[in-house]
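Input: a single structure, listed below in structure tokens.
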Amino acid sequence: MLDHILLEQTILAVKEIFGVDLEPDTNLVQKTRKEFDGDLTIVVFPLTKLLRRSPQSIGEELGQYLLSTSGLVQAYQVVSGYVNITVRQSYWKDFFIRDHGNVSFGVHKITTDEPVVIEYSSPNTNKPLHLGHIRNNLIGFSLARILNACGENVVKVNLVNDRGIHICKSMLAWRKWSRGETPESAHLKGDHLIGKYYVLFENKYREQVKELVGSGMTEEDALRQAPLIGEAQRLLKKWEDKDPETRALWHRMNQWAYDGFDETYRQMGVDFDRIYYESGTYLLGKQLVEEGLKQGLLQRKEDGSVWADLTDEGLDWKLLIRSDGTSVYITQDLGTAQLRYDEYHPKKLVYVVGNEQIYHFDVLKLLLKKLGRDWSDNIYHLSYGMVELPEGKMKSREGKVVDADDLMQEMFVTAEKMTRELGKMEDFSEAEASALFRQVGLAALKYFILKVDPMKTMVFNPEESIDFNGNTGPFIQYTYARIQSVLRKAAEVNFPGQDSLSLDFELIPKEISLIKLLADFPDVVKEAEAMYNPSVVAAYVYVLAKEYNQFYHDHSILKAGDPHIVHFRIELSRFVGNVINTAMGLLGIEVPERM
RNA sequence: GGUCUCGUAGCUCAGCUGGAUAGAGCAGCAGCCUUCUAAGCUGCGGGUCGCAGGUUCGAAUCCUGCCGGGAUCACCA
């Protein structure tokens, strides 16, 4: 904001002084580094060639000119090719008086009707959610909030992968070996029960493969010819043929999974506006393929399978329908995309899906384009990196996964332990206390994950529990709670002149740096939106909290002496609290009044 | 092998649309609670930004090559 104003003034100044027109290059004006005096810096090196003058003399002339013409500039200093500009305090004071009471500072009202549809979570109903899903859900949910704060009309959707061979594996294993076990009888969350049978299938299947290999078969053939996999495939065919008994079991077991997922989502604090099921969209996908076949855009081979030729686009041939007539992943996604377009006509279709599926989404966009769906240009695949354990990738087959429910539970327990150790809850009621443990534990987990750039692979070490000190969610929550404590005390004391806020005094550096940070917030939200990156908000709110804690440590608020200063510092604290609350809200993290 | 991606302190990460002496947290060491919440604050130690070239007044950042890790190229999803 401010930097743009100064950039304009600088361009004007260069034209006035040197008679040269400059392109508005945003790198010309940047924030002054902490170790130098000043707020904004004009980098004059790029001008030296153009103007054929030394950096020093350009800097001096620019600084002098801006000082005398710009109402913003209080002082300037030319340091080895940089003009460091100190902005008048009145600018910061005006900003503060104008915006400090704005509870939704940095957040825009929804201005458009064309929605942005964002898909995240997308679980399979054959196993419970793990740490990877947590990252997915947190990024998706946070991004929805960030888009929302930028005025977008956001529709959060979840696509449940409720059909396919993997579901049939769980079903088959349950039918063969469960003796009718249910979540109730096993005292197990439904999704975990189903996961148990999925793992059981995989184990038995691998045993069969091993046996076949032992009797001389190649591994490749064994994988394909083991009796269990054949059974699973026949079950899938029966499912697609709508066999009543198969469908009944499928309904029953899926419901177990849904009940389990709902509980996990509730704990995590994420939700959706609309839930799609692949069982409801894969037929539409098949229709699209049929349509493409008729138009000669796709090809059918002798064995009945259908393919798309993407070699012209630099990719390969892609299977769309298997030779037995069943559909594959991409077929379903074609249908889902079409359905979503028909329902919302979105200006943007965002998919939060792991980076292992980059190729899949390239193909999806190309296929839709091939089929004449020009709106496929509006598809954006937000691909995020995997969460790895110190020893490498999580492997569900080897049981090397960090389960979402377990992890959250662990976080709550740690939060409780921590809080009790610090002796912070003498006067908390039972309900308040357990709400706090949940808030703090979740904040630690969410912030830990969201502060990392989504694109990057991140490492999670289950041995070392997630920190509660330093650059963490609880640290930021603590800062907020601390502010609320000050505000509660402030409400109790009377001081003269508390009705009218007057900033008729010199601000100290820490106050100015806090105000500067606050003024940055709207730009931070916009940047997070533009980059589809919640970590931008996380980094910002940490710096803000840290800066406030330093201020809090070094300066009295309620005992500052001058009532005008007391009043100002109370309002400054309130403003910081509001922005922390809003920013954390954008990350999907709650802040407690006390902790 | 093709394509994509990552490599920054002991560990986890910022910085990457080129700008000043590369930053945080954790871990380690040393301090600060009769004063608004010490889940806090302050200080110290810790770096050939994978390597080598190039472009530039200026490179962790851009380009090329190499080394190392990961993903993907399924009649899995």
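Any value given below was found using the heavy atoms of this structure, including those in side chains, with hydrogens, waters and symmetry copies removed. We name chains A, B, ... by the order of the sequence lines, and we start the count at 1 in each one.
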With a cut-off of 3.5 Å and sequence neighbours excluded, list every side-chain donor-acceptor pair involving residues 535-547 of chain A.
residue   : atom : partner   : partner atom : Å
Ser535(A) : OG   : Asn533(A) : OD1          : 2.6
Ser535(A) : OG   : Asn533(A) : ND2          : 3.3
Tyr540(A) : OH   : Leu517(A) : O            : 2.7
Glu547(A) : OE2  : Lys510(A) : NZ           : 3.0
Glu547(A) : OE2  : Ser513(A) : OG           : 2.8

B/S/- contact track for nucleotides 16-21 of chain B, protein heavy atom under 4.0 Å: B-SBB-

query: Any side-chain N or O of Arg482(A) under 4.0 Å from OP1/OP2 of A38(B)?
result: yes

message: I'd like to know if Lys516(A) and Asp520(A) make a salt bridge, using a cut-off of under 4.0 Å between side-chain N and carboxylate O.
response: no

- prompt: With side chains defined as the heavy atoms from C-beta onward, is the minimum distance between Leu172(A) and Tyr205(A) less than 4.5 Å?
  reply: no

- line: note: Asn549(A), atom CG; U42(B), atom P; distance rounded to Å ~ 9 Å

message: Categorize Asn461(A) for me: base, sugar-phosphate, or nothing, with a 4.0 angstrom heavy-atom threshold over every strand shown.
response: nothing

- prompt: What residues, two or more places apart in sequence or in another chain, satisfy side-chain hydrogen bond (donor to acceptor under 3.5 Å, both in side chains) together with Lys456(A)?
  reply: none

- request: Sort and list the pairs that fulfil salt bridge (Lys or Arg N to Asp or Glu O under 4.0 Å) and have at least one residue in residues 49-58 of chain A, not counting sequence neighbours.
  value: Arg53(A)-Glu61(A)

message: Taking atom types as they are modelled, would you say the side chain of Ser535(A) forms a donor-acceptor pair with the base of A14(B) within the 3.5 Å cutoff?
response: no

- prompt: Looking for any heavy atom pair under 4.0 Å, which part of the strands does Glu492(A) touch: base, sugar-phosphate only, or nothing?
  reply: nothing

task: Would you classify Thr479(A) as touching base, sugar-phosphate or nothing, given that sugar-phosphate means primed atoms plus P, OP1 and OP2, and contacts are heavy atoms under 4.0 Å?
output: nothing

task: Determine the contact category for Phe460(A): base if any of its heavy atoms lies under 4.0 Å from a base atom, sugar-phosphate if only primed atoms, P, OP1 or OP2 are that close, otherwise nothing.
output: nothing

Any residue meeting side-chain hydrogen bond (donor to acceptor under 3.5 Å, both in side chains) with Asp554(A), in chain and number order, not counting sequence neighbours: none

- line: Those stems involving RNA chain B that have three or more consecutive Watson-Crick or G-U pairs, both distances under 3.5 Å, are B:1-7 with B:67-73, B:10-13 with B:23-26, B:28-32 with B:40-44, B:50-54 with B:62-66

N or O in side chain of Tyr478(A) less than 4.0 angstrom from A39(B) OP1/OP2: yes

task: Taking only the side-chain nitrogens and oxygens of Lys489(A), find out if one of them lies under 4.0 Å from OP1 or OP2 of U37(B).
output: yes

- request: Whole angstrom is fine here: how far is it from CZ in Phe551(A) over to P in G40(B)?
  value: 19 Å

Using a cut-off of under 3.5 Å, enumerate the N/O to N/O pairs linking the protein to nucleotides 28-35 of chain B.
residue : atom : partner   : partner atom : Å
U35(B)  : O2'  : Lys559(A) : NZ           : 3.4

- request: Could you tell me which residues satisfy side-chain hydrogen bond (donor to acceptor under 3.5 Å, both in side chains) with Asp309(A), sequence neighbours excluded, listed by chain and number?
  value: Thr311(A)

field: Side-chain heavy atoms of Trp250(A) within contact of Ser279(A), under 4.5 Å
entry: yes

query: How would you list all residue pairs meeting side-chain hydrogen bond (donor to acceptor under 3.5 Å, both in side chains) that involve residues 125-139 of chain A, not counting sequence neighbours?
result: Ser121(A)-Asn137(A), Thr125(A)-Asn254(A), Asn136(A)-Tyr384(A)

task: Select one nucleotide: of U56(B), A39(B), U12(B), the one nearest the side-chain heavy atoms of Lys49(A).
output: U56(B)

task: Starting from P on U5(B), measure out to CD on Glu388(A) and report it in whole angstrom.
output: 17 Å

query: Distance between the P atoms of C11(B) and G28(B), in whole angstroms?
result: 16 Å

field: Gap separating the CG atom of Leu320(A) from the CG atom of Leu367(A), nearest 0.5 angstrom
entry: 5.5 Å

- prompt: So is Lys301(A) actually on top of Trp307(A)'s ring, under 6.0 Å and inside 45° of the axis?
  reply: yes

Asp427(A) with Arg594(A): basic N within carboxylate O range, under 4.0 Å: yes

- prompt: Rounded to the Å, how far apart are Leu445(A) CG and A39(B) P?
  reply: 22 Å

- prompt: Would you say A39(B) has OP1 or OP2 under 4.0 Å from some side-chain N or O of Lys424(A)?
  reply: yes

- prompt: Between G40(B) and Asn469(A), is there an OP1 or OP2 to side-chain N/O distance shorter than 4.0 Å?
  reply: yes

- prompt: Roughly how many Å is it from CG in Leu47(A) to P in G58(B), rounded to a whole number?
  reply: 17 Å

message: Can you list everything that forms a side-chain hydrogen bond (donor to acceptor under 3.5 Å, both in side chains) with Tyr329(A)? Sequence neighbours excluded, please.
response: Gln357(A)

Nearest-angstrom distance from the residue atom CD of Gln484(A) to P of A39(B): 17 Å

- prompt: Just checking Val440(A): base, sugar-phosphate only, or nothing, at a heavy-atom cut-off of under 4.0 Å?
  reply: base

- line: Across all chains, not counting sequence neighbours, the side-chain contact (heavy atoms from CB on, under 4.5 Å) partners of Ser485(A) are Arg488(A), Lys489(A)

I'd like a list of close polar pairs between nucleotides 75-77 of chain B and the protein, N/O only, cut-off under 3.5 Å.
residue : atom : partner   : partner atom : Å
C75(B)  : O3'  : Arg322(A) : NE           : 3.3
C75(B)  : O2   : Ser323(A) : N            : 3.3
C75(B)  : O2   : Ser323(A) : OG           : 3.2
C75(B)  : N3   : Ser323(A) : OG           : 3.0
C75(B)  : N4   : Asp303(A) : OD2          : 2.3
C76(B)  : OP2  : Arg322(A) : NE           : 2.7
C76(B)  : OP2  : Arg322(A) : NH2          : 2.8
C76(B)  : O3'  : Arg322(A) : NH2          : 3.3
A77(B)  : OP1  : Arg322(A) : NH2          : 2.6
A77(B)  : OP2  : Arg322(A) : NH2          : 3.2
A77(B)  : O3'  : Asn161(A) : OD1          : 2.6
A77(B)  : O3'  : Asn161(A) : ND2          : 3.0
A77(B)  : O2'  : Asn161(A) : ND2          : 3.1

query: If you look at every strand shown and take non-hydrogen atoms under 4.0 Å, does Met595(A) touch a base, only sugar-phosphate, or nothing?
result: base

field: Within-4.5 Å side-chain heavy-atom neighbours: Tyr120(A) and Val353(A)
entry: no

message: What is the distance, to the nearest angstrom, from the CZ atom on Phe428(A) to the P atom on U37(B)?
response: 13 Å

query: What does Ala539(A) touch in the nucleic acid at a heavy-atom separation under 4.0 angstrom: a base, only the sugar-phosphate, or nothing?
result: nothing

